[in-house]
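The structure appears below as structure tokens.
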There are 2 protein chains.
Amino acid sequence: MTDDAVETRRTAPATLHDVAREAGVSLATASRSLNGSTRKVNEEYRQRVLAAAAKLNYSPNLSAQAVARGSTTTVALLVADIADPYFSQMAAGVVREADRERLIVTMAATERDTERELDLVRTLRGQRPRVMILAASRREGDPNNDALEAELRAFESNGGRVAFVSSAAGEFHAVQLDNRAGAEALARELIGLGYRRFAAVTGAEGIRTADERLAGFRAGLEAGGGTLERIVRPAFTRDGGYEGMTQLIEEGLDGIELVFAGNDVMAVGAMSAIRDAGLTPGTDVAVAGFDDIPTVRDVTPPLTTVRIPLEEVGRRALRLALDEPDAVDESPVHTEVVLRESTPRRG
Amino acid sequence: MTDDAVETRRTAPATLHDVAREAGVSLATASRSLNGSTRKVNEEYRQRVLAAAAKLNYSPNLSAQAVARGSTTTVALLVADIADPYFSQMAAGVVREADRERLIVTMAATERDTERELDLVRTLRGQRPRVMILAASRREGDPNNDALEAELRAFESNGGRVAFVSSAAGEFHAVQLDNRAGAEALARELIGLGYRRFAAVTGAEGIRTADERLAGFRAGLEAGGGTLERIVRPAFTRDGGYEGMTQLIEEGLDGIELVFAGNDVMAVGAMSAIRDAGLTPGTDVAVAGFDDIPTVRDVTPPLTTVRIPLEEVGRRALRLALDEPDAVDESPVHTEVVLRESTPRRG
DNA sequence: TTGAAAGCGATACCAA
DNA sequence: TTGGTATCGCTTTCAA
């Protein structure tokens with residue numbers, strides 16, 4: 001019984017060694033033919049190696065390559081919640097750009113728990129990813145912040161690249177979302193439409209994104225003579241939006257003309273709450289959101305919001321981490337107020 | 001200048017070797033203390049190693065572990081489109097279950113291109129993932145099907161596990177979605193509500209999911225005396241739904257009482273098209289979808305659909321691949337018709 | 001150009 | 001129990 005007899009039922013994947021033997025060349029030559037950078041390999045040998053690889057259905061072991069080369073082809077992405085359109089759109093951008101660079105994306109969800117986030121970063125560091133992208137929103141004054149930062153610093157000092165998607169330029173590179181300016185511009189536009197009396201339904205205090213949007217909105221109102229009469233702070237999710245709005249209604253809307261939701265999923269939840277209370281969003285009380293997720297075109301009435309090009313944000317986050325620091329566009333992402341029927345002109 | 005002098009500014013991550021030296025034990029002992037399965041290590045040594053690891057901020061190199069152990073802790077997930085809620089919900093389930101098993105998920109998007117899918121499978125095979133989960137829908141009679149199957153067979157024969165999310169039990173393990181039965185049940189319920197004249201807006205012929213839902217729906221109608229008078233087959237996406245519905249309206253609705261969309265994102269697009277045409281969904285023409293993505297509770301009127309527990313499907317897909325074949329629940333996922341206001345009782 | 005051999009960072013067998 | 005060392009699959013010097 002020869003080696004060939006068992007070859008078809010071998011249980012382990014073909015190794016480069018197998019390919020080299022099959023092609024009758026050395027390991028080094030096989031390596032150079034298949035993966036080598038500057039290929040200085042006799043064409044005939046090269047062909048033999050390629051044929052052997054095809055015959056054996058060879059697929060290079062990325063782990064082994066990583067160990068030998070000292071670097072991986074992996075990008076790690078951390079989001080709060082994969083099923084949330086805000087994050088899934090961004091993730092789609094990251095994956096698309098990674099694909100262009102022939103990089104592989106590993107994805108994890110913090111579930112909005114900063115301790116989990118820290119754990120995940122530690123675990124993912126074991127992968128030695130080329131890049132770590134942190135998109136879950138920051139928590140102001142969180143006890144885990146320092147440890148997280150230390151962990152990321154360590155990662156960087158080992159040659160890893162870090163990119164945040166964030167509202168502020170912190171100690172790390174970040175794709176900056178100008179939440180404040182966006183919300184302020186929105187507020188001005190709403191004032192321009194004739195609204196004066198507002199409420200806000202937004203996430204818990206400390207969630208940076210929520211805080212900045214609220215601050216911006218408030219600033220815009222003050223500049224224009226509007227008043228922010230009520231604020232509720234449920235969870236930063238669709239159900240949070242529903243609950244927050246319900247609470248507002250139960251306590252009495254009391255002249256509130258427009259409710260600003262901290263993000264679009266909350267706004268969508270809020271609209272359902274309004275409807276379930278027997279009122280009509282846009283008519284009885286106007287609603288505005290933030291993000292411009294795809295869904296908001298399809299709710300009734302379509303939602304006024306601040307557009308963030310989420311897919312592009314994801315792509316930029318990866319570019320930011322990959323490119324030379326000076327070749328990188330660090331300017332804040334362009335946001336844009338999109339007025340729709342959920343905020344009709346008043347009077 | 002001693003070794004210690006540069007230690008803090010070392011640029012490479014600490015290795016197990018470093019830890020062992022720092023702790024004054026052998027490589028083997030360090031390995032056993034940190035990652036070993038059956039730890040038979042002197043407690044004092046163990047503590048020394050742990051301390052050294054902490055001091056050096058050691059994080060085991062997963063690639064090196066993978067090559068030494070001959071197996072990874074990776075799960076590869078293939079979806080059609082990460083930003084589509086159908087897939088992102090499923091992905092969330094996979095990631096959650098993977099997290100419980102301390103597995104890492106790498107994610108890729110086929111963008112509904114079977115050739116890309118094949119390429120991705122080839123690339124991902126290089127990772128030697130423990131599991132590959134294929135969730136992008138199958139195409140009947142696609143020229144790449146055979147190559148894909150061969151690739152997956154090879155992966156399996158190398159010890160990898162494959163799990164499909166699929167409508168039919170094929171040659172691989174699959175979490176089965178009973179699209180046919182679900183659509184049929186939906187049709188019966190709609191007949192029960194008094195509807196008789198239907199149209200369908202669904203994906204291109206050959207998309208298995210679309211075909212099966214359509215077939216099931218048709219069967220349910222026939223059993224109940226309804227007629228499927230028109231079928232349009234745009235893209236299997238939100239915009240496809242919008243376009244398809246627009247086409248239907250332009251050609252003249254002509255007595256059509258209800259439009260069945262092949263999935264919820266299409267249904268949501270269709271509802272917007274109805275509204276943009278000056279009609280009212282649910283009133284002028286009823287709409288039903290399939291999947292029960294979160295959004296459909298928040299559109300107006302809320303959408304009648306067939307519920308698939310998408311998160312659970314994701315979790316089950318991973319379990320299916322991980323568990324012993326006989327410990328696994330291969331029964332089709334439970335689907336359920338959810339009647340909402342988009343299909344009010346007629347007459 | 002080619003091949004032998006020394007790593008890469010871990011695991012695990014085998015003596016001691 | 002502990003430590004020495006072969007090994008995993010691949011890359012990359014270094015001679016030839």
Side-chain angles (χ1 to χ4, degrees), chain A residues 10-49 52-53 56-74 123 125-130 158-160, chain B residues 10-49 52-53 56-74 125-129 158-160:
Chain A
R10 87 165 339 123
T11 187
T15 70
L16 190 57
H17 191 96
D18 300 326
V19 173
R21 190 159 38 73
E22 173 78 24
V25 300
S26 75
L27 235 195
T29 299
S31 172
R32 290 192 274 252
S33 310
L34 256 20
N35 321 306
S37 38
T38 34
R39 49 147 163 49
K40 24 188 178 182
V41 151
N42 180 323
E43 185 56 19
E44 191 201 319
Y45 279 8
R46 229 176 65 82
Q47 291 306 334
R48 289 226 306 259
V49 171
L56 300 180
N57 200 358
Y58 171 74
S59 165
N61 183 321
L62 294 184
S63 294
Q65 285 189 326
V67 169
R69 295 212 246 250
S71 80
T72 64
T73 57
T74 299
T123 303
R125 195 152 75 86
Q127 278 213 52
R128 305 287 186 270
R130 273 239 239 293
N158 295 338
Chain B
R10 92 167 331 128
T11 187
T15 69
L16 190 58
H17 191 98
D18 300 327
V19 174
R21 189 158 38 72
E22 173 77 24
V25 301
S26 75
L27 234 196
T29 299
S31 172
R32 290 191 276 252
S33 311
L34 255 21
N35 321 307
S37 37
T38 34
R39 49 150 162 46
K40 24 189 178 184
V41 152
N42 180 323
E43 186 56 22
E44 191 202 320
Y45 279 7
R46 227 175 68 81
Q47 292 304 335
R48 289 228 306 262
V49 172
L56 300 181
N57 200 0
Y58 170 74
S59 165
N61 183 321
L62 294 185
S63 294
Q65 286 189 325
V67 63
R69 292 211 247 250
S71 79
T72 64
T73 57
T74 299
R125 197 152 75 86
Q127 279 214 50
R128 305 288 185 271
N158 295 338

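If you're wondering where the values come from, they're calculated on a predicted model, not measured in any experiment. Convention: sequence-line order gives letters A, B, ...; per-chain numbering from 1.
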Minimum heavy-atom separation for A:Thr72 and A:Arg130, please, with both atom names. O-NH1, 2.6 Å

Give, ordered by number, those residues of residues 60-69 of chain A having at least one heavy-atom distance below 4.0 Å to an atom of DNA chain C; if nothing qualifies, reply none. A:Val67, A:Ala68

Contact under 4.0 Å: A:Asn35 side-chain N or O vs D:dC10 OP1/OP2: no

Mind listing the closest non-hydrogen atom pair of B:Tyr58 and B:Thr15 along with its distance? CE1-C, 3.6 Å

Rounded interatomic separation in angstrom, taking CD from B:Glu44 and P from D:dT1: 15 Å

Any N/O pairs under 3.5 Å between the protein and nucleotides 3-6 of chain D? List them or say none.
unit_1	atom_1	unit_2	atom_2	d
D:dG3	OP2	B:Ser26	N	3.3
D:dG3	OP2	B:Ser26	OG	3.4
D:dG3	OP2	B:Thr29	OG1	2.6
D:dG3	N7	B:Arg32	NH2	2.6
D:dG3	O6	B:Arg32	NH1	3.2

Interatomic distance, A:Arg46 CZ vs C:dT1 C1' [rounded to whole Å]: 14 Å

I need the CD-P distance between B:Glu43 and D:dT1, as an integer number of Å. 12 Å

Between atom NE2 in B:His17 and atom P in C:dG7, what is the gap in whole Å? 12 Å

On a heavy-atom basis, the closest approach of A:Val19 and A:Ala53 is CG1-N, 3.9 Å

Where is the tightest heavy-atom contact between B:Ser63 and A:Val67, given as atom of each residue plus distance? C-CG2, 3.6 Å

Atom of A:Ala23, atom of A:Arg48 and distance for their closest heavy-atom approach: O-NE, 3.0 Å

Contact class for B:Thr15 (heavy atom, under 4.0 Å): base, sugar-phosphate, or nothing? sugar-phosphate

Provide, to the nearest angstrom, the distance between the CG atom belonging to B:Leu56 and the P atom belonging to C:dG9. 14 Å

Counting distance only, does the side-chain N/O of B:Ser33 pair as donor-acceptor with the main-chain N or O of B:Thr29 below 3.5 Å? yes

How close or far is atom C1' of D:dG9 from atom CZ of A:Arg21, stated in whole angstroms? 14 Å

Give a yes or no on whether the backbone of B:Gly160 and the side-chain of B:Asn158 come within a donor-acceptor separation of less than 3.5 Å. no

What is the distance, rounded to the nearest whole Å, between atom CZ of B:Arg48 and atom P of D:dT1? 17 Å

